[in-house]
Amino acid sequence: MGLVSAACFAELGHDITIIAIDPVKVQAINEQQPTIYEIGLDDLLKRHIGNRLRASISYDSVKSADIIFICVGTPPNTDGSANLSYIKSASALIGAARRNVPAYCVVVVKSTVPPGTTANIVCPRVLKSANKTKEEIGFAMNPEFLREGRAVADFMHPDRIVIGSMDDRAFHYVAEAYHTVDVPVIHTSLSAAEMIKYTSNAFLATKISFSNEIGNICKKLHIDVYEVMRGVGLDHRIGPQFLNAGVGFGGSCFPKDVSSLISLAKTIGEDPLILQAVLEVNKQQPNRLLTLLRTRIGNLNGKKITVLGLAFKDNTDDIRNSKAIPVIQELLLNGARVVAFDPMAAEAMRMLFPTVTYCHSAGDALDGADACLVMTEWPEFGKIDKEFDRMKTRIIIEGRRILSCNGTEGICW
Ligand code: UDX
């Protein structure tokens, strides 16, 4: 999110310095090498590195900055709450860098943080280490809504820009940075902006788990949930997006943000029933896929199972919370021989499961297989119909609806 936002702000015409703690990443960025896969990012780095975009391990550039965005990670603690240690250290270091700088600047939190974090954690830490007042440094919260793999397009063409701020001056500073992006800008309080991010992700995750639950019911009734959701989603009050039933949501955001919201709710005496059910449905979906597989091929021991797709979704090499992980784990535990193919994520998965055989093509992975599980919605899987002829037995179960050939069965359809 930090790298994409920096490259996109450079594209909007601003002078940007990325501060990162890993010197290897800093060097790669300065050599125009993206450290993550994102469509369009390499072009932006080629255009702007050496010009108005650079990376550094030093906080020096903070001294002359008008706006400082905090984009550090907020990974989950073991209890599901957000770990704010990177937010705290970045705040203190930003404050220290501004100590003897008389000019006004705005510190903006872009990381996903629990409501209250910007006002109660970031603001006091920055001001204390800078030895300044709220009149000298402004504070804002500007959540991102970037989907992995499509983050550059989402940044340049968002549905809305949300800016929470402590005062009007800070708001106008941040709004100005986006002035060439022609979309509604919503001005809120700091904590409302923080809550908008959590609520957006929780609602999208709810849509998916809801569709999965309806899909599980449809499956038993021999109804195609995709036909159902097409009819449902055309109601403009509902909307057609994020109704694709399947093996459940993964990634670095939905599972973490829903857990963090549940944990936050519990600290204030709330028992968030819907949010807990969203995670529970999501946890059960891979088990349903495996149950379906067992009803088709019986004992898994010694069977050759092909897993198509390892990334948590298409167009990324990211495997964080990928639904392929619990599925592969269970297959291996039960003595199956797992052969996998993913256009991008094999290397990452190899670190987790070195005993899996990783192939260079879907066809090779399918050769002689007893069954195939589709775990990621890679569009290219829709064009490999002939490769399934290489299977020993044609048992194909889709966790994501993406294939175009006959003789497949879906987890919820
Ligand atoms: C998400 C949000 O969409 C983005 O706004 C936020 O800022 C970051 O988190 P991302 O995690 O990159 O983005 O992926 P997204 O496209 O939202 O998909 C998340 C997961 O949900 C994937 O595992 C995907 O396969 C699954 N999904 C998505 C479904 O199962 N069904 C759907 O209909 C849509």
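Residue numbers start at 1 and run along the sequence shown. Whatever order the structure lists ligands and atoms in, that order sets their numbers, starting from 1.
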Exercise for the section: Under the side chain to side chain contact (heavy atoms under 4.5 Å, CB included) rule, collect the residues that match up with Ser89, sequence neighbours excluded. Expected result: none
Problem - Arg400 (side chain) donor-acceptor with Gly246 (main chain) under 3.5 angstrom - result: no
Practice task
Using ring-ring contact (aromatic ring centres under 6.0 Å, His included) as the criterion, list what pairs up with Tyr173, not counting sequence neighbours.
Solution key: Tyr104
Problem - Between Tyr178 and Phe9, ring centroids under 6.0 Å - result: yes
Practice task
For Arg350, check salt bridge (charged side-chain N to carboxylate O under 4.0 Å, His left out) against everything at least two apart and list the hits.
Solution key: Glu347
Exercise for the section: Using heavy atoms and a cut-off under 4.0 Å, could you grab the residues that are in contact with ligand 1, chain by chain, numbers ascending? Expected result: Glu144, Phe145, Leu146, Arg147, Glu148, Lys197, Asn201, Ile208, Phe242, Leu243, Asn244, Phe249, Gly250, Cys253, Phe254, Phe312, Lys313, Glu377, Arg400
Exercise for the section: Would you tell me whether Gln284 and Asn287 have side-chain atoms, one donor and one acceptor, within less than 3.5 Å of each other? Expected result: yes
